[in-house]
Amino acid sequence: MKLKSIFFLGFISLFIFLFFSCKIGEKKKNEITIKDQKPNIIIIMADDLGFSDLGCYGSEISTPNLDRLAANGVRLNSFYNTSRCCPTRASLLTGLYPHQAGLGRMTMDAGLPGYRGSLQENTVTIAEVLKQEGYQTGMVGKWHVSETVDLGGEKQLNWLSHKESNGDFSDIKSYPVSRGFDKYYGNIWGVVDYFDPFSLVNGDKEVKEVPKDYYHTTAIGDSAVAYVDQFSKNKNPFFLYVAHCAPHWPLQAPEAAIEKYMKIY
């Protein structure tokens with residue numbers, strides 16, 4: 001029944017059955033409240049993962065948590081991507097084709113329309129839209145839609161290996177916290193060492209050191225859980241974008257995981 005019809009019937013009932021008016025009004029109020037509720041939204045991206053790598057699609061890899069999500073949700077059997085990492089991310093974040101968003105290839109600025117290497121001013125991210133609708137917004141993990149500057153040679157290698165600092169990893173105006181996300185923990189650049197990631201930031205501040213037992217996939221998951229706990233304490237709905245680096249190259253697994261699959265691979 002259409003909402004307009006519900007209101008009409010409620011209005012007539014108020015006059016014909018006056019003594020039922022309180023209960024009818026209460027029921028209508030509950031129905032409207034349920035319909036007006038905004039859902040919490042979590043998007044999880046696995047980097048360069050083939051659909052057949054998941055247990056729910058027949059993989060020999062154990063993915064019980066993802067299998068459980070699949071069993072209680074909807075599994076797609078037809079989709080496409082842009083065949084590259086950052087262009088796909090640009091489309092996911094903006095709803096635009098990657099060239100329209102400025103990321104037709106990778107994150108180096110080629111000086112050509114569609115190939116600027118970062119999200120352009122004509123784009124609006126899903127976080128910016130949802131924030132306007134009252135959502136709390138957070139992101140953890142790999143950003144990879146800010147311009148990457150090649151310093152060249154030894155200087156670049158020293159920066160990647162944390163031997164020297166060269167300032168911000170990109171223009172802070174292109175960071176997640178400048179594109180609609182209230183909170184962010186993750187890596188701005190693309191390829192990182194999972195045990196000691198480069199370009200790691202919290203908000204817009206560089207994280208210069210990590211614990212000895214650090215593993216980036218675990219840290220992303222733990223940070224996502226922490227964000228959900230924080231957001232859940234407030235009445236407003238939340239949007240969380242969880243962007244893993246794994247299983248993107250380099251393939252770096254914990255020793256326990258390597259041992260578990262040694263006979264299989």
Using atom types as modelled, flag every donor-acceptor pair under 3.5 Å from a side chain in residues 242-265 to any protein atom, sequence neighbours excluded.
residue: Gln252; atom: OE1; partner: Tyr194; partner atom: N; Å: 2.7
residue: Tyr261; atom: OH; partner: Ser62; partner atom: N; Å: 2.9
residue: Tyr265; atom: OH; partner: Glu60; partner atom: OE2; Å: 2.6

Non-hydrogen atoms of [X] and [Y] that approach each other most closely:
X	Y	answer
Ala101	Thr94	CB-OG1, 4.1 Å
Gln120	Gly102	CG-CA, 3.8 Å
Val140	Tyr227	CG1-CE2, 3.6 Å
Asn202	Val207	N-CG2, 3.7 Å

Contacts of type salt bridge (Lys or Arg N to Asp or Glu O under 4.0 Å), residue Glu128, not counting sequence neighbours: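 For Glu128 the salt bridge (Lys or Arg N to Asp or Glu O under 4.0 Å) partners, ignoring immediate neighbours, are Arg179.
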Kindly state whether the ring of [X] and the ring of [Y] have centres lying under 6.0 angstrom apart.
X	Y	value
Phe238	Tyr135	no
Phe51	Tyr57	yes
Phe169	Phe198	yes

In terms of heavy-atom contacts, does OH of Tyr97 have more than 12 from other residues, nucleotides or ligands at under 6.0 Å?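 No, because the 6.0 Å sphere around OH of Tyr97 holds 12 heavy atoms or fewer from other groups.
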Using the side-chain contact (heavy atoms from CB on, under 4.5 Å) rule, pick out the option among Val228, Asp229, Asp222 that qualifies with Val225.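 Exactly one candidate clears the test, Asp229.
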From the options Asn234, Leu240, Leu130, select the one residue that forms a side-chain contact (heavy atoms from CB on, under 4.5 Å) with Gln136.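 Exactly one pass, corresponding to Asn234.
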As an exercise, state the distance from [atom1] of [X] to [atom2] of [Y], rounded to the nearest 0.5 Å.
X	Y	atom1	atom2	result
Ser170	Lys173	OG	NZ	12.5 Å
Asn187	Ser199	CG	OG	5.0 Å
Ser178	Asp204	OG	CG	7.0 Å
Ser223	His216	OG	NE2	8.5 Å
Glu206	His162	CD	NE2	8.5 Å

Return all side-chain donor-acceptor pairs below 3.5 angstrom for residues 141-151, not counting sequence neighbours, or 'none' if the list is empty.
residue: Lys142; atom: NZ; partner: Asp47; partner atom: OD2; Å: 2.6
residue: Trp143; atom: NE1; partner: Ser146; partner atom: OG; Å: 2.9
residue: Trp143; atom: NE1; partner: Ser174; partner atom: O; Å: 3.0
residue: Ser146; atom: OG; partner: Ser174; partner atom: O; Å: 3.0
residue: Ser146; atom: OG; partner: Ser174; partner atom: OG; Å: 2.7
residue: Thr148; atom: OG1; partner: Thr107; partner atom: OG1; Å: 2.7
residue: Asp150; atom: OD1; partner: Gly152; partner atom: N; Å: 2.9

Run through the side-chain heavy atoms of Ile, Leu, Val, Met, Phe, Trp and Tyr, join any pair under 4.5 Å, and report what else lands in [X]'s cluster.
X	result
Val129	Val124
Leu112	Tyr115
Met106	Met108

So Thr125 and Leu119, do their side chains get closer than 4.5 Å, heavy atoms only?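 They are in contact (side-chain heavy atoms under 4.5 Å apart), so the answer is yes.
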Could Lys38 and Glu133 be called an ion pair, given the rule that one side-chain N must be under 4.0 Å from one carboxylate O?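 Salt bridge present between Lys38 and Glu133.
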Establish, from distance only, whether the side-chain atoms of Ser232 and Gln230 form a donor-acceptor pair under 3.5 Å.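 Looking only at side-chain atoms, Gln230 and Ser232 do not form any donor-acceptor pair under 3.5 Å.
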Taking it one step at a time, do Thr88 and Thr82 satisfy side chain to side chain donor-acceptor pair (under 3.5 Å)? CA-CA 5 Å; Thr88 298; Thr82 67; 2.7 Å; yes
